[in-house]
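One structure is given below, encoded as C-alpha cells.
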Number of protein chains: 2
Amino acid sequence: MKKTVFIFTTLIIALLVLFQLSKFSVMQGNSSLEFSIAAVAVIFLFVGIYINKQREAKNNTSTSNTNTEKQTVDYTQIETLGLSKREYEVLCKLAQGHTNKEIASLLFISESTIKTHVSNLYVKLDVKRRTQAIQKAKELQILPIS
Amino acid sequence: MKKTVFIFTTLIIALLVLFQLSKFSVMQGNSSLEFSIAAVAVIFLFVGIYINKQREAKNNTSTSNTNTEKQTVDYTQIETLGLSKREYEVLCKLAQGHTNKEIASLLFISESTIKTHVSNLYVKLDVKRRTQAIQKAKELQILPIS
DNA sequence: TCATGACTCATACGAAAGTACCAATTTCAT
DNA sequence: ATGAAATTGGTACTTTCGTATGAGTCATGA
C-alpha cells in the first residue's frame, strides 16, 4: 500500500512539474529548456542511484569488520560501570532471555527486587529497555559465554 | 490494486482538470522556473534511490548466496528456518533493541504488522520472548554485526 | 556507633509486548 | 490467469515490563 502510494505520488508530482514546464516552454518558446530539464532529471536519477549504492556499501563494511574472537568477560568494564554483584547476576539472566519472574525464581528473591535491580541496571548502562541492555552488555563484553 | 489504482487515476484526472484551469491563469516569473528545476532534481533523486532499492531487493532473494566475501550472516540458517525477507528485517531491528513502534516507523508500516511478524518469528525461532529471540538469532549467527 | 551502600520488598500506574483471532492486498511462480 | 505465500492491518485481550516512590534489613568501614 505504502509503495503504491509513493509511486503514484511521485508520478503526480512529476506530472505537475511537467505541466509547469510545458507552460513555460509554450510561453517563452524556449525549445532547449526541455533538454536542460531532462538532463537534470537524468543526472539526479543517477545521483540517487549512486547515493543509495554508497549507503549499501557502508552497511556491508560496517557489518563485516566487527569480529571478536575472544570471549572473555571484561571485569574492568563492570567496575567502571559500577555494577554490583547482584546487578550483574540479574543482567546475565536477563541476557539469557528470562523474564523478571523467572530471574526472581532463579535467584530466590521477589520480582519486585528484580525490577529494582533491572531499573538500576538501565541507568548504569544508559539504556531504556532490556533488549538495549543486552546489546550494550554484548558491546561492552561483560557477558559470559557470548 | 483496484482501489489504489482507482483513487490515483481519479487524482490524476483531477490534476488534469486543474492543469486545464491553470492554462487560463497568467503566471510569469523566472523564480518559479528555478523552483521547478529543483523539484525535478529532487524527484528524480528519489526515483533513482527507489529504483536502486527495488533492484537490491530482487537481488537479495535470488543471489544472496553468491556473495563470496566474508559474511557473518548464515543465510542457510535463515532459509532453513523459513524466515521471510520482511521477518528477517524485523528481527534485525528487534535485535538492535528497538520497540515494535520504532520498528514500525523504521519500516514504514504499522505496529500491528510488526506484532504479526514478531509473533511469526517467535514460532519459527521456537521462542517466547524477544529477548530469547535475540539469543537464538545470535546462536544461529543470522544477525549482522553480531 | 553510625553512616553508607548493597540488598530486599511493596504498591500503583502507565507503557510495551504478546496472543488470538480475522481479513484485505500484494507478490510471484506456474 | 490463478493459487499459494507473503505482507499488511485491525480489534480485543492478557501479560510483562518499566517507573516512581517509599521503606526495612544488613554488613562494614570510618
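Note on naming: letters A, B, ... go to the chains in the order of the sequence lines (proteins, then strands), and numbering restarts at 1 for each one. Predicted, not measured: the structure shown is a model, and the values here were computed from it.
Listed by first and then second residue, the salt bridge (charged side-chain N to carboxylate O under 4.0 Å, His left out) pairs involving residues 96-108 of chain B are Arg129(A)-Glu102(B) (not counting sequence neighbours). The salt bridge (charged side-chain N to carboxylate O under 4.0 Å, His left out) pairs that include a residue from residues 108-127 of chain B are Glu87(B)-Lys124(B), where partners are two or more places apart or lie in different chains.
Residues meeting the side-chain hydrogen bond (donor to acceptor under 3.5 Å, both in side chains) test with Thr131(B), sequence neighbours left out: none. In this structure, Glu139(A) has no salt bridge (Lys or Arg N to Asp or Glu O under 4.0 Å) partners at least two apart in sequence or on a different chain. Residues satisfying the side-chain hydrogen bond (donor to acceptor under 3.5 Å, both in side chains) test with Ser110(A), not counting sequence neighbours, are Thr113(A). For Thr116(B), the side-chain hydrogen bond (donor to acceptor under 3.5 Å, both in side chains) criterion is met by no residue, not counting sequence neighbours. Every residue two or more places apart in sequence or in another chain was checked for a side-chain hydrogen bond (donor to acceptor under 3.5 Å, both in side chains) with Thr99(A), and none qualifies.
Taking atom CG of Leu107(A) as the reference point, atom P of dT8(C) lies 8 Å away to the nearest angstrom. The separation between Phe108(B) atom CZ and dG9(D) atom P is 12 Å, rounded to whole Å. One interatomic measurement links the two molecules: CD of Glu102(B) to C1' of dA15(C), which rounds to 13 Å at whole-angstrom precision. Residue Leu125(B) contributes atom CG, which lies 12 Å from atom P of dG18(C) at whole-angstrom precision. Atom CG in Asn120(B) sits roughly 13 Å away from atom C1' in dC21(C) (whole-Å rounding).
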Under 3.5 Å, which N/O atoms of the protein pair with N/O atoms of nucleotides 4-7 of chain C?
| residue | atom | partner | partner atom | Å |
| --- | --- | --- | --- | --- |
| dC7(C) | OP1 | Arg86(A) | N | 3.1 |
| dC7(C) | OP2 | Ser84(A) | OG | 2.3 |

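The two residues Arg130(A) and His98(A) come nearest to each other via the heavy atoms NH1-O, 2.9 Å.
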Fill in: Protein proximity profile, nucleotides 14-25 of chain D - base contact B, sugar-phosphate-only contact S, no contact -, cut-off 4.0 Å on heavy atoms
--SBBB------
